[in-house]
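Treat the numbers as computed from the prediction; the structure is a model and nothing was measured. In what follows, chains carry the letters A, B, and so on, assigned in the order in which the sequence lines appear, proteins first and then strands, with residues in each chain numbered from 1. Scope of the values below: all heavy atoms of this structure, side chains included, with no hydrogens, waters or symmetry mates.
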2 protein chains.
Amino acid sequence: MKFEPVTIKQMARDLNLGISTVSRALHDSHEISEATKKRVVDYARKVNYIPNPIALSLRAKRNRSIGIVISQFNNPFCSQVVNGMESAFYKAGYQVSIVQTSESTEKEMKAIQYLSSRVDGLLVSISSETKSTEHLKDLYEKGMPIVFYDRICRDIPTHMTLSDNYRGAYEATRHLIGQGCRKIAFVGGAATQPIVQERRAGYLSALEDAGITVEDKWIHFLPKGGVHYVETEVAMERLLRLPRDKRPDGLLTAWDKVTADAYKYLRRHNIRMPEELALIGFSNFPLTDYVSPSLSVVQQQSEKLGEVAAGQLLALLQSKRKPLKYQTEVLMPEIIIRESSLKLKSKTEEQRAVSKIKGAKKR
Amino acid sequence: MKFEPVTIKQMARDLNLGISTVSRALHDSHEISEATKKRVVDYARKVNYIPNPIALSLRAKRNRSIGIVISQFNNPFCSQVVNGMESAFYKAGYQVSIVQTSESTEKEMKAIQYLSSRVDGLLVSISSETKSTEHLKDLYEKGMPIVFYDRICRDIPTHMTLSDNYRGAYEATRHLIGQGCRKIAFVGGAATQPIVQERRAGYLSALEDAGITVEDKWIHFLPKGGVHYVETEVAMERLLRLPRDKRPDGLLTAWDKVTADAYKYLRRHNIRMPEELALIGFSNFPLTDYVSPSLSVVQQQSEKLGEVAAGQLLALLQSKRKPLKYQTEVLMPEIIIRESSLKLKSKTEEQRAVSKIKGAKKR
DNA sequence: TTGTAAGCGTTATCAA
DNA sequence: TTGATAACGCTTACAA
């Protein structure tokens with residue numbers, strides 16, 4: 001089965017007109033008589049003529065569309081981001097074409113190659129597996145407007161929008177400390193991910209500032225980034241099997257899926273939150289406020305992030321040449337404290353808990 | 001800023017070769033000397049030549065890519081479906097380009113026009129606002145392989161894959177009846193949606209078969225399909241303000257977002273489930289098993305649905321002409337009973353509850 | 001007012 | 001073994 005659309009050439013033959021006459025009539029050119037115009041337009045409607053966008057693109061070297069490279073489609077954070085982008089571009093009259101990399105470098109390269117020349121610009125979030133960014137660098141050097149969002153790429157000088165992962169993790173950890181936790185664990189996604197590293201850095205700083213010494217065994221990364229439940233399960237088992245004095249009383253999960261899976265694990269094994277383990281995690285999942293115990297989260301401004309990144313790309317699309325200065329927009333995630341990490345009721349209790357730690361830095 | 005890729009023509013000039021020589025060398029043609037081949041290939045690699053997919057498409061009238069038209073990106077059911085499709089097409093060597101219609105007919109038409117000629121086939125789920133399907137019908141008649149999934153279009157004879165919405169709603173309603181509910185309400189998405197209508201039909205049949213007379217006031221549709229919380233809120237308020245003897249004791253929600261919002265409403269207003277109102281709803285949201293009370297759902301086989309639809313489209317792409325017979329694949333959703341609708345502990349209790357209704361049909 | 005032809009980047013046919 | 005040329009569908013400068 002193959003698509004065989006009506007072309008201008010075909011219509012010209014049918015109507016006994018020149019190709020350019022038909023083209024101009026369809027564009028309502030003033031140099032075509034009303035009679036011919038009507039004849040052409042009516043006929044075009046009758047046969048349901050659709051201009052071939054491929055041919056238009058080839059000629060105009062302009063597509064009026066942009067591409068979004070997304071890691072995991074099936075991830076609320078990602079889809080919220082895309083929603084923000086979509087609405088911004090829709091307003092600007094651009095079509096949006098989305099491709100998924102599923103965290104695979106190979107898919108990412110294919111996707112980018114696929115989109116090159118098909119779109120006027122690219123919004124990219126690097127897949128976690130990706131090491132080299134030569135494919136993107138080269139495209140960028142040839143003038144393709146690219147904006148990075150969320151998982152940025154420092155090698156390529158361009159606009160980017162991301163969350164303040166460091167501070168999100170820092171504040172979440174501080175909150176756990178404030179709740180009296182002293183043995184705070186960290187379960188991230190893939191160790192290779194810069195954003196996971198930043199989150200770990202925030203976590204470490206918060207502990208350091210509070211004068212808490214970190215145990216290596218409290219920190220876990222997940223080889224495949226936590227796509228499957230079993231990865232988180234293994235990490236949780238390792239944490240909870242530590243000897244009593246090392247066993248964590250607080251946990252920061254640094255990846256949406258990992259947060260959900262850690263929560264599931266704790267519920268399945270009847271480990272009470274926050275009494276046995278206080279949990280807070282990065283998450284943009286819906287319904288986290290209705291699970292029981294309700295889940296404390298570091299929630300990114302996902303739609304906003306999408307909108308801001310979209311604005312940056314639109315700016316690149318409109319500017320004649322590469323800008324001299326690039327912006328990096330950083331959005332602060334929201335720390336939402338709920339039952340899963342709330343041990344102490346009052347602020348004063350909290351202050352007392354923190355002040356008990358010796359060697360804590362003042363902020 | 002504009003993308004200016006390296007072309008064959010440019011390379012030909014640079015290397016002092018003919019255009020076709022370069023093209024053939026890149027395709028490893030036997031009629032090109034090894035020396036020239038190497039020269040060309042090396043140079044192409046050096047300048048990072050990427051063949052222009054637009055030009056290839058225009059020439060070959062073949063894109064090795066398919067388009068997915070999706071209603072709401074930010075909907076777990078949809079993203080799960082797309083995941084299923086994506087992996088199927090990836091295996092078959094197709095690129096997948098996804099566009100979102102946000103339930104708007106205008107966007108849908110633009111999206112389809114955008115994809116026409118850019119892709120070799122289309123997987124379409126009609127947006128809820130859409131009345132006329134002329135734009136699709138015409139495309140299909142010109143030979144574009146189209147497969148409908150989830151929200152199908154009966155006017156166009158082609159393959160389709162969908163859930164058994166009727167039976168899903170029927171069984172869910174039967175379950176509520178089995179739990180002793182007699183005043184069972186129904187909150188759907190948009191009334192115009194065929195799949196919502198089917199769900200209502202299943203709901204009605206189950207009540208009828210049980211000999212229960214339905215009140216009109218128990219049935220609500222949401223003008224915008226329930227995209228915003230407030231729509232569900234209004235419907236819930238209407239239901240719960242009914243006089244005591246008419247006030248429902250059971251509720252079937254027939255749309256993922258509506259289910260989540262109805263649940264939120266009940267929790268926010270401290271209405272106990274299942275005691276005051278037993279809730280079961282269509283939903284593919286994650287975490288429904290961990291909310292409290294845990295949420296009973298009619299869960300569609302979303303990934304499977306995507307895979308099956310993808311298989312159908314691949315079949316169309318491979319066949320020479322329009323097939324004489326079209327398949328309609330129907331997948332049974334899973335009814336998952338959890339706390340929000342579970343009033344009776346044992347099967348026998350349940351049987352007793354049902355047999356109390358007089359005039360109930362035997363099944 | 002209408003038609004012819006060139007060109008966008010590519011491949012395929014034909015000729016050299 | 002290589003190169004010129006036509007064609008894919010469209011727009012546009014130029015010619016009629």
Output the rounded distance in Å from CZ (B:Arg13) to C1' (D:dA4).
15 Å
Between B:Ser102 (side chain) and B:Ser104 (backbone), is there a donor-acceptor pair under 3.5 Å?
no
Rounded off to whole Å, could you give me the NZ-to-P distance for the A:Lys9 and D:dA6 pair?
13 Å
First encountered from the 5' end of DNA chain C, between B:Leu26 and A:Thr36
A:Thr36
Verify the contact: side-chain N or O of B:Lys61 to OP1 or OP2 of D:dA7, cut-off strictly under 4.0 Å; return yes or no.
no
Decide, yes or no, whether a salt bridge links B:Lys37 with B:Asp28 under the criterion of side-chain N to carboxylate O below 4.0 Å.
yes
To the nearest Å, how far apart are A:Gln10 CD and D:dG9 P?
10 Å
Mind calculating the distance between NE2 (B:His30) and P (D:dT1) to the nearest angstrom?
9 Å
Under 3.5 Å, is there a donor on one side chain and an acceptor on the other for A:His135 and A:Gln113?
no
With a 3.5 Å distance limit and no angle check, can you tell me whether B:His159 reaches the backbone of B:Tyr326 through a side-chain donor-acceptor pair?
no
Can you check whether A:Phe73 and B:Phe73 have ring centres sitting under 6.0 Å from each other?
yes
From CD of A:Gln113 over to C1' of C:dG9, roughly how many Å is that when rounded to an integer?
15 Å
Atom CG of B:Asn63 and atom P of D:dG9 are separated, to the nearest Å, by 13 Å
So, using side chain to side chain donor-acceptor pair (under 3.5 Å) as the criterion, who are the partners of A:Ser20 when residues are at least two apart?
A:Arg24
Does any donor atom in the side chain of A:Tyr90 or B:Glu106 lie under 3.5 Å from an acceptor atom in the other side chain?
yes
A:Ile8 atom CD1 is separated from D:dC8 atom P, nearest whole Å, by 14 Å
By a strict heavy-atom criterion of less than 4.0 Å, which residues belonging to residues 44-56 of chain A are in contact with DNA chain D?
A:Tyr49, A:Pro51, A:Asn52, A:Ala55, A:Leu56
For C:dT1, does OP1 or OP2 lie under 4.0 Å from any side-chain N or O of A:Thr21?
no
Closest to the A:Leu58 side chain: D:dG9, D:dT2, C:dT11?
D:dG9
Can you confirm whether the side chains of A:Ser302 and A:Gln80 place a donor and an acceptor under 3.5 Å from each other?
yes
Whole angstrom value for the distance that separates P of D:dC8 from CZ of A:Phe3:
16 Å
Just checking, is any N or O donor in the side chain of A:Ser71 or A:Gln100 under 3.5 Å from an acceptor N or O on the other one?
no
Can you check nucleotides 12-16 of chain C for protein contacts, nitrogen or oxygen pairs under 3.5 Å, and list what you find?
residue, atom, partner, partner atom, Å
C:dT13, O4, B:Arg24, NH1, 3.4

